[in-house]
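What follows is one structure encoded as structure tokens, with my remarks underneath.
Note that these values count all heavy atoms, side chains included, but never hydrogens, waters or copies made by symmetry. Naming convention: chains lettered A, B, ... in sequence-line order (proteins, then strands); numbering from 1 in each chain.
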There are 2 protein chains.
Amino acid sequence: MKRKIVIIGGVAGGATAAARLRRLNEEDEIVIFEKGEYISFANCGLPYHIGGVIQERDNLLLETVGGMAKKFNIGIKNFSEVVKINRGKKTITVKHVLTGATTEESYDKLIISTGAKPIKPAITGIEEAENVFTLRNIPDMDKIKAYITEHQVKRATVIGGGFIGLEMMENLWELGIHVSLIEMSDQVMAPIDFEMAQSVHAHIDMHNVNLILNDGVKAFENNGSKVRLNSGKVLNTDMTILSIGVTPENDLAIESDLKTGFRGAIVVNDQLQTSDPDIFAVGDVIEVTDFVNGKPTVVPLAWPANRQGRLVADHLNGMDVRYKGTMGTSVAKVFELTVAAAGNNEKTLNGSDTDYKVVHIHPNSHAGYYPGASPLDIKLLFGLDGKILGVQAVGMEGVEKRVDVIATAMKLGATVYDLPDLELAYAPPYSSAKDPANIAGYVASNMLEGTIDTFQWHEVDGLIAKGAFLLDVREDFELATGVLGNAYTIPLGDIRARMSELPKDKTIYVFCQVGHRGYNAARILMQNGFTVKNLDGGYKTYKQAKT
Amino acid sequence: MKRKIVIIGGVAGGATAAARLRRLNEEDEIVIFEKGEYISFANCGLPYHIGGVIQERDNLLLETVGGMAKKFNIGIKNFSEVVKINRGKKTITVKHVLTGATTEESYDKLIISTGAKPIKPAITGIEEAENVFTLRNIPDMDKIKAYITEHQVKRATVIGGGFIGLEMMENLWELGIHVSLIEMSDQVMAPIDFEMAQSVHAHIDMHNVNLILNDGVKAFENNGSKVRLNSGKVLNTDMTILSIGVTPENDLAIESDLKTGFRGAIVVNDQLQTSDPDIFAVGDVIEVTDFVNGKPTVVPLAWPANRQGRLVADHLNGMDVRYKGTMGTSVAKVFELTVAAAGNNEKTLNGSDTDYKVVHIHPNSHAGYYPGASPLDIKLLFGLDGKILGVQAVGMEGVEKRVDVIATAMKLGATVYDLPDLELAYAPPYSSAKDPANIAGYVASNMLEGTIDTFQWHEVDGLIAKGAFLLDVREDFELATGVLGNAYTIPLGDIRARMSELPKDKTIYVFCQVGHRGYNAARILMQNGFTVKNLDGGYKTYKQAKT
Ligand SMILES: Cc1cc2nc3c(=O)[nH]c(=O)nc-3n(C[C@H](O)[C@H](O)[C@H](O)COP(=O)(O)OP(=O)(O)OC[C@H]3O[C@@H](n4cnc5c(N)ncnc54)[C@H](O)[C@@H]3O)c2cc1C
Ligand SMILES: Cc1cc2nc3c(=O)[nH]c(=O)nc-3n(C[C@H](O)[C@H](O)[C@H](O)COP(=O)(O)OP(=O)(O)OC[C@H]3O[C@@H](n4cnc5c(N)ncnc54)[C@H](O)[C@@H]3O)c2cc1C
Ligand SMILES: CC(C)(COP(=O)(O)OP(=O)(O)OC[C@H]1O[C@@H](n2cnc3c(N)ncnc32)[C@H](O)[C@@H]1OP(=O)(O)O)[C@@H](O)C(=O)NCCC(=O)NCCS
Ligand SMILES: CC(C)(COP(=O)(O)OP(=O)(O)OC[C@H]1O[C@@H](n2cnc3c(N)ncnc32)[C@H](O)[C@@H]1OP(=O)(O)O)[C@@H](O)C(=O)NCCC(=O)NCCS
């Protein structure tokens, strides 16, 4: 039985659904309505074309309207904005963007993949400012690129330190433009926690970007050539990129009374069906279930959009499929750094009633004796039952590999006890005989099994203030990099011989550079009747957080 | 209750067991006997010091005898070869290697981690040849390095194309030495299958190495300055590295009547206990259970040795732990290529009664539009129930990442149906919105679900000979790279319009460059009543295999 399946939005979710629908069914009529000129383009590549890293604009157009129409025998109407869903009649009203003319189209099944649009608040002066841009699609990109060239932009301001903000920062920098990055919170890259973001901040500073945290835009002045911040600071700028987040493109849903939820995203069941059984929705416009904590959230990323587009096509062709929720695995390149994460971070967990623990480790990206190894910062978050709740990693090499491995483990329901058993590829240029993912598992299981008790970087200052007994087990020559309070010092190798110098009546807060020797020292002391806690992540995590 | 735990062999398995034993227990007496001078060295780094890639010899010594003894309060006896286990008395007989003197030492628990030694068959002339070397430890490395310098080696022969052989090939090449690599079988890198190894062969050729497959050494002549091959070929060489594999160092076990199995490796239960309940064994010297097929095997790699060393220490301290078997995840750098694998390959599966299927894909390492992307060759092997049996990958970037992800999935019992659901980190410099691991899962599930039927590269020639109907759906300009028989040609975009040109009475064997368009073409045709099979991996896999 031939059906007419109509798709609103022709990029990640929409185009993917269309392609799979056709592969499963040659009969159905499939029509895509896209309000823009282009379908199926690489949103994620836009910043890099601005920076000249991706040189060919055409490379961003993965399918053309004509090409896709022919290959998949699909009706593709670009410049066609769907302005209304007439659920009773099962039709949509379409406005031709260039002419303004409207038509009505029927559907048997409707798929909404309208995405999310950049948030653009009514900041004073924003309307007059002609140099303030957002970046979502090819025309946005073209505009930014043209403005840079025509106005010979030398100074730019990026507002918002999320993925897109950071990518724009990097790409403007690539063009030799001096960039100021303004971020309202105390850190960039919301998916990772503060102490992890601190290395990113240091790295941004190193590139001579003017990074301003804890501040926001109050007004655009002089047609946008001045940006006034909440703090009173005023920046002179040739242009501004506003990248403070996106919001579901939900007008159609609201207007036609489809159920919406978290931040206005469309509510769907695990078969991507909206509150109207003939209407489905996928991608940035929908509310998803957080894979880790089961709560509703939004995750505007390409993998979920693609996955959901595929699944909705399967479902519409009678296959029994379910979308399992989103854990938000993500990665960004920030100059030479890679920053990646999956699952929940501490900010999220603190807002919930889940009891959790964390470990910070700083293993080498590959065997330390093989050239080019660089340290990774890895943070693992897990429940008291061992369930892995989240992972974050920052470094130069092998960063997203470890996050991918742990995200895979998470998706398959693994606990931290499973991580030491992961048999990962090892040769000196790639890893160590115990991969960082194994080490994370070892350290976490030791905590849960009571082999070690730890304290966190954010407890250190309080402990020093209280006069706690801190024991530094690093070698003398390392102390030049910094010390904690007036910690007592005994290098690891001397602990057994000098144990009598230590107090039995109070907790010994032991630490070393990264936590590894501190752990070995703690084990010796614990077995000799001392009460010991080891500084998780060592002096390094503390110092990163505090710098 | 203080025990005396004696460990034979002080490197990967032995030193790891010792360290963990001490962390868990300060009381036990722990003694390591090591016949060589060094403990705890980086075996895996040896080839790279020879090549000058790792410059500092000291960097290979992870722990010194003195350092480890002090840090872990362990008795470490180097130059001490254990020559006999007196199980009745629970003692060992130790020969001091430098003096020849023997002593007897008691044990409560004994751990054997004697490793595996290079195979050195009695080839004619091998005894007289002073320029034939094997590489296992620091002295071996020193000897090779010294010989190269002293004799100004210009031409070298490496016998055996396994990990160590390939690493030696690369490192000798790094020194500007002309290398011949001789391999008895039709391919290097046994963990991957022939058609996958072919890109490695091409890459080796490109570096001007004289690669000789299907040939072995018959004799060393003229004190090793001539290497005579089975084929009759004679190579002039300044030195030869013999790296045709390793064999468990099992003399002690045999002599003391411990049960041995596969290739003479020591049989242990899943708690690493030998047939003598007070004797444990770990590392290269033991037989392990193949994680995939459950059969006994040997896997002489560093991860298993480290993992088993840790577990035996846990077990001896009353923890309920099990070794779950080995899947042989491995990786090697071969010049600019990375070659990685996990689980069973086709050679292994063909020798078993498991029904399996394979897919070959050639996705980009990261988004094609972002600079630096390079194609991966990935092969996935899976059972008819979807169970993942093995994975192989070859390429320049992100190779071992995909193998690690799939090895993780395998360890956690995943099927190919789980792979599309893996939520992996995506931004253009790192991957695609559907990661290659997702794609492998999609393609495999399509096969199992009957969405597509495929044929393999090795069936092509037979099909051509039989006069089968081959349909090439590539564009005209691509045909210059090569064609299959006299395949009929219809580019994918024209299939629907030109379907009437195709036969309904016989199977259409469709193909494209990598299998992707062939799949889309096949779906169109299948739904129009044609019987179709798609060439798995496309023309590319066929051509790689046949070149
Ligand atoms: C600059 C940038 C960089 C990014 N980088 C990454 C990255 O590195 N990694 C990652 O995972 N994700 C990234 N993303 C996010 C990713 O692109 C999105 O998650 C994904 O494209 C969402 O797919 P979608 O189908 O929901 O929406 P979209 O791909 O945005 O497609 C929605 C389409 O619907 C159209 N539309 C909307 N309303 C209507 C209507 N009423 N009628 C007709 N058409 C309509 C829009 O014009 C739009 O083309 C990036 C996004 C941007 C903008
Ligand atoms: C050149 C080279 C490169 C390698 N590269 C890699 C790689 O990239 N990735 C990977 O995973 N693996 C690699 N390996 C393999 C890895 O090193 C081994 O799997 C691992 O070291 C095995 O650990 P083990 O404890 O069983 O044996 P070993 O580490 O070999 O230690 C055994 C020790 O026991 C001693 N011994 C033996 N018999 C006696 C006795 N009777 N009395 C006293 N002492 C004794 C030996 O002298 C030896 O030092 C490589 C090995 C070599 C040689
Ligand atoms: C271009 C686009 C229309 C392609 O859709 P698609 O055909 O479903 O996706 P792909 O090209 O990745 O191909 C995947 C399909 O080919 C199959 N395939 C891929 N490689 C294959 C191979 N070597 N052999 C056989 N089949 C293969 C997969 O199984 C899958 O088919 P299935 O869904 O029927 O299982 C869509 O991905 C798109 O519009 N992308 C751009 C927008 C976007 O994603 N933006 C965000 C990221 S920048
Ligand atoms: C050097 C050697 C003796 C070290 O043994 P080890 O102490 O068990 O191993 P590592 O140094 O990797 O440290 C791992 C331990 O430290 C802990 N650890 C690591 N990083 C930590 C951190 N940041 N914080 C807290 N604990 C940490 C781990 O949990 C683990 O302890 P556990 O086993 O009690 O859980 C041993 O690995 C060895 O001899 N290696 C060389 C030989 C070899 O492996 N060759 C083959 C490869 S080249």
Contact class of B:Met410 relative to chain A, heavy atoms under 4.5 angstrom: neither
For B:Asn73, which atoms come within 4.5 Å of any heavy atom of chain A: side chain, backbone, both, or neither? both
B:Gln527 (side chain) donor-acceptor with A:Arg23 (main chain) under 3.5 angstrom: yes
Is it the side chain or the backbone of B:Phe291 that comes within 4.5 Å of chain A heavy atoms, both, or neither? neither
Does atom CD of B:Glu449 have more than 12 heavy-atom neighbours, drawn from other residues, nucleotides or ligands, at distances under 6.0 Å? yes
Part of B:Arg496 within contact of chain A (heavy atom distance under 4.5 Å): side chain
What part of B:Ser432 gets within 4.5 angstrom of chain A, counting heavy atoms only: side chain, backbone, both, or neither? neither
Contact class of B:Ser431 relative to chain A, heavy atoms under 4.5 angstrom: neither
Chain A heavy atoms under 4.5 Å from B:Leu62: which part of the residue, side chain, backbone, both or neither? side chain
Bottom line for B:Arg310: the part with an atom under 4.5 Å from chain A's heavy atoms is side chain
Leading residue by heavy atom contact count with chain A [cutoff under 4.5 Å; candidates B:Tyr426, B:Phe72, B:Tyr442]: B:Tyr442
Does this structure show an ion pair linking B:Glu400 with A:Lys401, if we count only N-O contacts that are shorter than 4.0 Å? yes
Walk me through whether B:Asp418 and A:Lys411 qualify under side-chain contact (heavy atoms from CB on, under 4.5 Å). CA-CA 9 Å; B:Asp418 293 308; A:Lys411 201 75 180 224; over 6 Å; no
Between A:Lys71 and B:Leu492, is there a donor-acceptor pair closer than 3.5 Å when you use the side chain of the first and the backbone of the second? no
Under a 4.5 Å cut-off applied to non-hydrogen side-chain atoms, are B:Lys333 and A:Tyr430 in contact? yes
